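The sequence lines fix the lettering, A, B, ..., with proteins before strands; numbering per chain opens at 1. Bear in mind that the values here come from a model prediction, so they are computed numbers and not experimental data.
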2 protein chains.
Amino acid sequence: MPKYEEIANTLRQRIKKGVYPANTLLPNQIDLVQEFGASRMTVKKAITILTMEGLVLARRGAGTKILDHSFWNKAAMPANQYDGMAADIARLGKTLTSEIIQFEVVFPTPEIQEYLMLADQEPVYEIIRLRIIDGVNTTLEHTYMPVTRAPGLTDDVLKHSVYNYLKETLHLTFAGAFRNIQADKSDEYDQKYLDCAPTDPVLEVEQVIYLDNGEPIEYSRSRNRYDRRSYTYLDVKS
Amino acid sequence: MPKYEEIANTLRQRIKKGVYPANTLLPNQIDLVQEFGASRMTVKKAITILTMEGLVLARRGAGTKILDHSFWNKAAMPANQYDGMAADIARLGKTLTSEIIQFEVVFPTPEIQEYLMLADQEPVYEIIRLRIIDGVNTTLEHTYMPVTRAPGLTDDVLKHSVYNYLKETLHLTFAGAFRNIQADKSDEYDQKYLDCAPTDPVLEVEQVIYLDNGEPIEYSRSRNRYDRRSYTYLDVKS
DNA sequence: TAGTGGTCTAGACCACTGG
DNA sequence: CAGTGGTCTAGACCACTAG
């Protein structure tokens, strides 16, 4: 782990434990340089990480202030990092189970082929899963993954965490994702599986997830019960 | 403007103009150092900006690849930077007009007071505007702004761009925003102003916008016609 | 193994904030 | 004005990729 990440981790812990209370200033960068035995550029990089996380605000001439956003406590999905739904749910102290509705191998439509940047006739997994949080049907997830990039998927993997399988077994790492979020009317499938009324809307999240070599590993469309899921994210300038 | 931003701008233009075609490699950092007369750390910072924008992918040992996401072309809102709705709409070549439904000064509720980090009895503007894109009622926007932090708001400002007023006249700059996105059933007001059916859902975006000194400048709740607006964003690791 | 990007340093100058 | 963070350099070492 790079030194700037270690410094960021240490500072983050101190902020969360109240060693540096909210609305006070962080020690200045020169002091941190001495404490951590690092150069100023390295300390600055650590502070940039905390800035992007919304934990501190650094201003030239005025020091680095610890921020407090504790009130922003909606039971919402932090949309900024992809760890898979299993990890997100676990973080909230809830339980996630999955019911496999469909699991097949098909040739992709031209649209899916383009999203996944595939050559012709490259087979993809087509997966439909119902995600159940604390016993409540919450998300209907329609996923396409190229067989060649994610070989060896099984019912067992799908029932637990695909993310963990890709990471731990296939040793793949993620570079990021594109997402599109919109509201929609519920259709028959939503009503059947999400157990919602015909007049209930759904929150649809489309995403393409990329590996660290730039190849797409997944295209998915998730339809969420409107009263069970929302997405939050933090947008920090520069 | 810092040198790394100028370099990033130059490289971005070359990518968009096809000087560096998609799926080829950027010149290596040493060459860029020589071309721009900068140090490698500075060049690296420029490349980091392009990485965060999803334009390139840099990999140790393999070079920096130009990416192609041209297919991701939904007429959606890029949710990653706040320039005000006027600027976003203009970027898409559409026209935005605004109808003021309410414009008052009130004492905030405890909830609003907390979102805006205000002392007791600090007055706030309460603004309701209907945003009309290309002649179609699209967004119903309910905004609260502290009077002391955004003094001098007028009907005229509200009809055009509040963002421009804050930036150009009051010389305020933004640090970022917290957002929460969810679907909801439309209520009477939505149906009246957004001209939608009782069964139509809405996409609700809540946000708190912060100034570069850490003070919140706005809390707002926007309700969008589900068939007219969606939000996209890019999520890049590290 | 050659070439790439990632990290790190020690020091410098500057822009900005706030008393 | 003193003190802060933002930028920049020149060079170094290393981890990684790909032929």
So among T64(A), L67(A), L50(A), which one has a side-chain contact (heavy atoms from CB on, under 4.5 Å) with L57(A)? L67(A)

Looking only at the side chain of R59(B) (C-beta and beyond, no hydrogens), which of the listed nucleotides dC8(D), dG5(C), dA18(D) gets closest? dA18(D)

Side chain of P2(A) only, heavy atoms from C-beta on: which candidate in dG5(C), dT7(C), dT9(D) is closest? dT7(C)

Interatomic distance where NZ belongs to K65(B) and P belongs to dG5(C) [whole Å]: 14 Å

Provide, to the nearest angstrom, the distance between the CD1 atom belonging to I47(B) and the P atom belonging to dT4(C). 12 Å

Q29(A) has a side chain; which of dT9(C), dG5(C), dG5(D) sits nearest to it? dG5(D)

Y115(B) and ring-ring contact (aromatic ring centres under 6.0 Å, His included): which single residue from F178(B), Y219(B), Y144(B) fits? Y219(B)

In whole Å, what is the span from the CD1 atom of I30(A) to the C1' atom of dG5(D)? 9 Å

Candidate list T42(A), T10(A), D31(A), test side-chain contact (heavy atoms from CB on, under 4.5 Å), partner F36(A), passing option: T10(A)

Closest to side chain of R60(A), choosing from dA10(C), dC16(C), dG18(C): dC16(C)

May I have the distance from N213(B) (atom CG) to dT17(C) (atom C1'), rounded to whole angstrom? 12 Å

Backbone N or O of G37(B) within a donor-acceptor pair of the K3(B) side chain at under 3.5 Å? yes

Whole-Å distance, M41(B) CE to dC14(D) P, equals 18 Å

Separation of L25(A) atom CG from dT4(D) atom P, in whole Å? 10 Å

For I7(B) and dT9(D), give me the distance from atom CD1 to atom C1', rounded to whole Å. 12 Å

Report yes if at least one side-chain N or O of T42(A) is closer than 4.0 Å to OP1 or OP2 of dT7(C); otherwise report no. no

Note: for P27(B) and G61(A) on DNA chain C, the residue whose nearest nucleotide lies more 5' is P27(B)

Assess whether one donor atom and one acceptor atom, taken from the side chain of R40(B) and the base of dG6(C), lie less than 3.5 Å apart. yes

In the structure shown, which nucleotide is the Watson-Crick or G-U wobble counterpart of dT7(C), with both distances under 3.5 Å? dA12(D)

Under the criterion side-chain contact (heavy atoms from CB on, under 4.5 Å), which of H142(A), Q102(A), E141(A) is the partner of R129(A)? E141(A)

Under 4.0 Å from OP1 or OP2 of dT7(C): is there any side-chain N or O of K45(A) that close? yes

Does the side chain of Y4(B) get closer than 4.0 angstrom to OP1 or OP2 of dC8(D) through an N or O atom? no

Closest nucleotide of DNA chain D for D212(A) versus for F36(B): which of these residues is on the 5' side? F36(B)

Residue-phosphate contact under 4.0 Å: S39(B) side-chain N/O, dG11(D) OP1/OP2: no

Are any of K3(A)'s side-chain N or O atoms less than 4.0 Å away from OP1 or OP2 of dG6(C)? no

Have a look at L166(A) and tell me which of M145(A), E218(A), H171(A) forms a side-chain contact (heavy atoms from CB on, under 4.5 Å) with it. M145(A)

Minimum-distance nucleotide to K44(B) side chain [options: dA18(D), dT7(C), dT4(D)]: dT7(C)

Shortest side-chain distance from A62(B), nucleotide among dA18(D), dG6(D), dT9(D): dA18(D)

For atom CE of M1(B) and atom P of dA15(C), their distance in whole Å: 16 Å

